[in-house]
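A short worksheet on the structure shown next.
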Number of protein chains: 2
Amino acid sequence: MDHVAEPRWLDEREARAWRGFYTMHRRLDGAINRQLTRDAGLSAADYEILVPLSEAPGQRLRARDLGRLVNWEKSRLSHHVGRMERRGLVTRQGCPTDARGAFIQLTDSGRRAMETAAPGHVETVRGCFIDLLSGDELETLASIADRVIQRIDEGAPQDATDTDCGGKSTQRLR
Amino acid sequence: MDHVAEPRWLDEREARAWRGFYTMHRRLDGAINRQLTRDAGLSAADYEILVPLSEAPGQRLRARDLGRLVNWEKSRLSHHVGRMERRGLVTRQGCPTDARGAFIQLTDSGRRAMETAAPGHVETVRGCFIDLLSGDELETLASIADRVIQRIDEGAPQDATDTDCGGKSTQRLR
DNA sequence: CACAAAAAGATGACACGTCAACCTGACGCG
DNA sequence: CGCGTCAGGTTGACGTGTCATCTTTTTGTG
């Protein structure tokens, strides 16, 4: 009798937190992208790449290291850098010491775009998010994030609870 | 002398919360999409659409109403419903009373897919998120989300602070 | 040294979202 | 009635992200 445990649907409070979290992210993403586009013709992804580059010695980084810094998978990075290269924000250079490697170098134009965007970006992040939170809330949020990220990165248990899905009752599917 | 106020960069705590929030979302999104794909061949977006449809009388909704329920813009909805239609998850029907309207109807196959996915979905959301948070934290998060969403939906102040960008110093661009 | 395995990137195919038109039909109003 | 405006939806173009696959080079190991 491999009975399937009845799913533990979310209660009201849990659903509020969950839905809230998600739409909050979507709104923030929208706001940030709008600001960056308007002020400097950049996307949020562009900005994310430009920042570590601008702080790197010589304004350049190995793709590998850049990828680790921003925590992107290599395919995404490669595609995105390709697009940024076409727009003149960065260039690619081969690596002398490792023939597989690739350096990503910030161009002047890329640097200017980032410097143009930066002040408005912080202002947006503050105005739409940070400044709306108390110190305690900031701590709480960071702590939550640490927990969640660790949980998923490490022990994500494929939740392979062998759900045979006796799919009868479907009530609160959230 | 229209001096530009020096940007108020984020301090350590603020940056931790901000970065944490963002990567947390990315991880969660990944985990959820993997589970849905693996268990039922659905994307998170599919699931989001299927839920309200399955709860609607007659398993169908006007595109307009569906869009309001999930808070998507109409273009996104139309595109996505098109893709779901091609995969046999939903069908489109004209609306008799308003010739412009469109009904989106859940198919049996769509319903099955959702019922298959649902238990694992809740389990994932719990395991990777909800169950890691205390009651207080759930409240805090929901409260934060309310604040942020309202701020962006209503008074998003275009932060049009006329930044003439005397872009000299660029240090902590986060 | 030889050779398997791993690392670094690039690439093509495809799903997803957004923006900007665009079309059609409903509605208000003179 | 006639006309302007708006609402509901669709479409095409484009940027983005993921997956799977491939090539080349490095590295570890006998």
Side-chain angles (χ1 to χ4, degrees), chain A residues 22-23 25-38 40-49 61-105, chain B residues 22-23 25-38 41-49 61-87 89-105:
Chain A
Y22 247 74
T23 68
H25 180 273
R26 176 162 275 281
R27 291 292 194 292
L28 276 168
D29 226 38
I32 288 177
N33 271 297
R34 274 192 298 283
Q35 178 267 323
L36 287 176
T37 303
R38 166 166 50 77
L42 295 176
S43 69
D46 296 333
Y47 192 79
E48 211 172 333
I49 292 302
L61 285 169
R62 277 286 296 273
R64 176 193 36 165
D65 304 322
L66 178 53
R68 287 195 186 121
L69 282 175
V70 296
N71 221 314
W72 285 13
E73 64 176 272
K74 55 188 185 172
S75 164
R76 181 184 178 191
L77 183 63
S78 180
H79 278 302
H80 200 83
V81 166
R83 291 185 292 254
M84 292 177 74
E85 191 176 24
R86 264 178 256 132
R87 291 190 290 144
L89 298 171
V90 299
T91 58
R92 277 193 247 232
Q93 302 154 6
C95 172
T97 72
D98 184 339
R100 301 166 303 184
F103 272 105
I104 320 288
Q105 165 99 45
Chain B
Y22 246 74
T23 70
H25 180 273
R26 176 162 274 280
R27 292 293 194 291
L28 276 167
D29 226 38
I32 288 177
N33 271 295
R34 275 191 298 282
Q35 177 267 325
L36 287 175
T37 303
R38 166 165 51 76
L42 295 176
S43 69
D46 296 333
Y47 192 79
E48 211 173 333
I49 292 303
L61 284 171
R62 277 286 295 273
R64 175 192 38 161
D65 304 322
L66 179 52
R68 288 195 185 123
L69 282 175
V70 296
N71 222 315
W72 285 12
E73 64 178 272
K74 55 187 185 174
S75 164
R76 180 184 179 192
L77 184 63
S78 179
H79 279 301
H80 200 83
V81 166
R83 290 185 293 254
M84 293 177 74
E85 191 177 23
R86 264 176 256 134
R87 292 189 290 145
L89 297 170
V90 300
T91 58
R92 280 193 243 231
Q93 303 154 6
C95 172
T97 72
D98 184 338
R100 301 166 302 181
F103 272 104
I104 320 286
Q105 165 101 42

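On a predicted model such as this, the values are computed, not experimentally measured, just so you know.
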note = Contacts of A:Arg62 meeting salt bridge (charged side-chain N to carboxylate O under 4.0 Å, His left out) (sequence neighbours excluded), chain-then-number -> A:Asp98
What pairs of donor and acceptor atoms, side-chain ones from residues 68-80 of chain B against any protein atom, are under 3.5 angstrom apart with sequence neighbours left out?
| unit_1 | atom_1 | unit_2 | atom_2 | d |
| --- | --- | --- | --- | --- |
| B:Trp72 | NE1 | B:Glu48 | OE2 | 3.4 |
| B:His80 | ND1 | B:Arg83 | NH2 | 3.2 |
| B:His80 | NE2 | B:Asp46 | OD1 | 2.6 |

query = Should B:Arg62 be listed as having a side-chain N or O under 4.0 Å from OP1 or OP2 of D:dG9?
reply = yes
key: Spacing between B:Arg64 atom CZ and D:dC6 atom P, to the nearest angstrom   = 18 Å
task = Starting at atom CD1 of A:Ile32, determine the distance to atom C1' of D:dT16, rounded to an integer number of angstrom.
result = 16 Å
request  = With a 4.0 angstrom cut-off to heavy atoms of chain A, pull out the first and last contacting nucleotide of DNA chain C, in 5'-to-3' order.
outcome  = C:dA7 to C:dT18
inquiry  = Are the side chains of A:Leu42 and A:Leu89 in contact, using a 4.5 Å heavy-atom criterion?
reply    = yes
Atom pair CE (A:Met84) and CZ (A:Arg92), whose distance is rounded to the nearest 0.5 Å = 11.0 Å
ask   = What residues, two or more places apart in sequence or in another chain, satisfy side chain to side chain contact (heavy atoms under 4.5 Å, CB included) together with B:Thr91?
value = B:Gln93, B:Gln105, B:Thr107
task = Figure out the NE2/P separation between A:His80 and D:dG15, and round it to whole Å.
result = 11 Å
Review item, nucleotides 11-13 of chain D N/O atoms under 3.5 Å of protein N/O:
| unit_1 | atom_1 | unit_2 | atom_2 | d |
| --- | --- | --- | --- | --- |
| D:dT11 | O4 | B:Ser75 | OG | 3.1 |
| D:dG12 | O6 | B:His79 | NE2 | 2.6 |

ask   = How do A:Arg87 and A:Arg100 order along DNA chain D: which one's closest nucleotide is nearer the 5' end?
value = A:Arg87
task = Take the C1' atoms of the five end pairs on each side of the helix from C:dC1-D:dG30 to C:dG30-D:dC1, get both axes, and report the angle to 10 degrees.
result = 10°
key: Position toward the 5' end of DNA chain C (nearest nucleotide), A:Arg26 or B:Ala99   = A:Arg26
query = Can you tell me how far C1' of D:dG9 sits from CD1 of B:Ile104, to the nearest Å?
reply = 10 Å
request  = Answer yes or no: is there a side-chain heavy-atom contact under 4.5 Å between B:Leu36 and B:Ser43?
outcome  = no
